[in-house]
Each structure stands twice: as structure tokens, then as C-alpha cells.
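Sharing a structure below in C-alpha cells format, with a few things to ask.
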2 protein chains.
Amino acid sequence: MRIGELAKATGIDVETLRYYERIGLLHPPSRQVNGYRTYDQDAVERANFIRHCRALDMGLNDINRLLGLASKPEADCSGVNRLLDEHFARVRTKLESLRILEKQLARLRNQCDIAHKVSDCGILREFIAAAHGEACTCHSSSSSAS
Amino acid sequence: MRIGELAKATGIDVETLRYYERIGLLHPPSRQVNGYRTYDQDAVERANFIRHCRALDMGLNDINRLLGLASKPEADCSGVNRLLDEHFARVRTKLESLRILEKQLARLRNQCDIAHKVSDCGILREFIAAAHGEACTCHSSSSSAS
DNA sequence: GCTAGACCCTGTAGCTGCTATAGGGTCAAG
DNA sequence: CTTGACCCTATAGCAGCTACAGGGTCTAGC
């Protein structure tokens, strides 16, 4: 199996596969006489494993750690759980701040309904007021970001 | 006002201020004889404007466009609204995919409650099954990501 | 035999938004 | 005259790719 076929089989771009190899996430495959990479079934599974983790938005470092943990079937799986919990916590934190951000933007968007002159635009006024250090609608009492 | 004072006044790091200047987001300030940058009140406001936009997670390019739009008070503000709407849409999209991701991770996390051997870990089994192309709990019917 | 096009190779630069050095200059207080 | 806080430039690094440049290889069709 050549790199293009692996790319199709896994949905990972060819360039990305080479990149994963360069950073040590994929094992360097054997080569044909012409220098082309040839992959076996193990490589397909490893690549799919990585793709699944990326779909869960895990970092490449975490994925590498996870692959290491997964390769020791007799070990304790608490490391796996810890890794996943950390990632889960990060995702929830990000989700929360994005929720707040969405509310802020919604409030800001409400400041200008119809098109008019820039100098009268409620949205821009908010920006300029905030730049003067005044209170703004989007970042009023109920939210945490500044 | 020197760069350190501007940094304190705006909450933007000194390095970041210099970076903003380098990429053309902040105007190059005048210099003292010793080469130190000196800022006026306009610079403070521009920096605060930028900071506010960053707090709304806008990209530096968008901020630059917005600053350009804001500098023409007689123009039509529809460009401002379009810019904000685009950003708003991006934020909502990201929020939605993060919501899905959170559910996926929660489902996955449920596969392993107590610590045991890696070979028996429900979480890892999910990863391995997915790598084999089988269905996984986290990416079952109800969600869109793969 | 020769060419077009699809595939492969390496190496390097670019993207975003900083952050962190290295290696220097300036200035006021003690 | 030294210490320490501040300032300067220039460059490299982070994540996770993506996109070249500039080559080689292989197959099909003429």
C-alpha cells in the first residue's frame, strides 16, 4: 500500500501523513526500491486511531502518549483515563468561554439593526466606547471576559 | 507614554504591542532620541479597540478591516455588520461543533469507570475498534463528525 | 521511442497570534 | 560605578497543518 492509498483509506491527507511520520507519530514505513513508502495493515490501524483522536480534537502530543499507553495491554489504564479527563476538561472550559462569547456577540449585534452611517452605528459606538474605557453592552456585568 | 506604560494602560503585553506594530495593526509611534517609542492618547484608544476585539476573539485581519471601516464616519456601516456577522457565524459554528464534541467525549468517558488493565479498558477498546473501522460509542448515529 | 499525466520524493516556507529567547543599549537611584 | 528596570532589534519557536519548488517514477497511449 502506497501513501496515496493510505490517504484514501484513512481520510488523512498525504502531506499530513508525511508530517505525522516526520514528528514521530507514525512509524517510518519500509520503502520500495524506488524510494516509495509502503504501508501494511498495522499502519492503517495506527493512522485510523490517530484520525479518530483528531476527530475528538486531541493534540498530537496527547495522541502520542495515548498510543504509548495503548501499546502496553497489561498496564493499568488509569493513565488513559487521566489523559482523557484532562482533554475533556479543556474542551468543557473552551465550550464555556465560547458560550459566553456567543452571548456577547449577540448583544453587540443587536446594537445595529439597519444599515446607516458609520458614525451612527451602534456596533462601532460600542467599540469606540470600550476603547475609551467606558462600559460596553457586550461585556456588561453578566459575563467574565474583559 | 512609553511602551511599558501603554502595556499597563491597555493590558496588552509589550511584546505583543511591538508585534502589532510590526504587522501594521498599530501605527509606528514617534521615537525619543534614544530610540524609545512614545505613544499618544490616540494610540491608547487604538490599542484598547484592538484589545476589545480580541476579547471577542476576532482575528487580527478582521480587526484591521474594522479599524479601516471605523475610520470613515460618513460611510455606510453595512461593511461593519457584514464583518461582525461573519465572525458571529464562525463562532456559532465552532460552538456547535464543540457541543457535539463534548457529548462524544462524555459518551467515551463512560466506557471506563474504574481503573483496570489497559487490555480491558472500554475507552481504549473504542479507539481500537474505531481504528478497525467499526462503530464507536462516541461517534454513533446522533452526531456529525467522523 | 516518446510524451502526458498521475503519482511519488525531499526540503523549506507559510499560516495565526503570540511568546521567548539572544544580545545589546539607556537611565535613574544608591 | 554598579545594579536593576526598562528599552531596542532580530530571530526562532509553538500547533497542525498546507503549499510550494524542484525533482524522480511509472503507466498508458500514440
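In the text below, chain A, chain B and the rest are named by the order of the sequence lines, each starting its count at 1.
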Q. Listed in order of residue number, which residues of residues 87-94 of chain A have a non-hydrogen atom at under 4.0 Å from DNA chain D?
A. none
Q.
Regarding A/Glu15 and A/Arg18, does a basic nitrogen lie under 4.0 Å from an acidic carboxylate oxygen?
A. yes
Q) With a 4.0 Å cut-off, would you call A/Glu21 and A/Arg37 a salt bridge? A) yes
(Q) Going 5' to 3' along DNA chain D, between which two nucleotides do contacts with chain B fall, using a heavy-atom cut-off of 4.0 Å? (A) D/dC6 to D/dT9
Q. Given axes from five pairs at either end, by how many degrees does the helix from C/dG1-D/dC30 to C/dG30-D/dC1 bend, rounded to 10°?
A. 30°
Q) Given side chains that start at C-beta, do those of A/Asp57 and A/Arg90 come closer than 4.5 Å, heavy atoms only? A) no
**Q.** Where chain B begins and ends its contact with DNA chain C, read 5' to 3' at 4.0 Å from heavy atoms
**A.** C/dT16 to C/dC27
Q. When you match A/Arg54 and B/Arg37 each to their closest nucleotide on DNA chain D, which lands nearer the 5' end?
A. B/Arg37
Under 3.5 Å, which donor-acceptor pairs do the side chains of residues 2-11 of chain A form with other protein atoms, sequence neighbours left out?
{"unit_1": "A/Glu5", "atom_1": "OE2", "unit_2": "A/Arg2", "atom_2": "N", "d": "2.9"}
{"unit_1": "A/Thr10", "atom_1": "OG1", "unit_2": "A/Leu6", "atom_2": "O", "d": "2.8"}
{"unit_1": "A/Thr10", "atom_1": "OG1", "unit_2": "A/Ile12", "atom_2": "N", "d": "3.2"}

Q | B/His27 atom NE2, over 12 foreign heavy atoms within 6.0 Å | A | no
Q: Residues of residues 5-32 of chain B with any non-hydrogen atom less than 4.0 angstrom from an atom of DNA chain D: list those, numerically ordered, please.
A: B/Arg18, B/Arg31
Q | Salt-bridge criterion met for B/Asp85 and B/Arg82 (N-O under 4.0 Å) | A | no
Q | Residue met sooner reading DNA chain C from 5', once B/Gly59 and B/Val33 are mapped to nucleotides | A | B/Gly59
(Q) Go nucleotide by nucleotide along DNA chain C from the 5' end; which of B/Leu60 and B/Tyr36 gets its closest nucleotide reached first? (A) B/Leu60
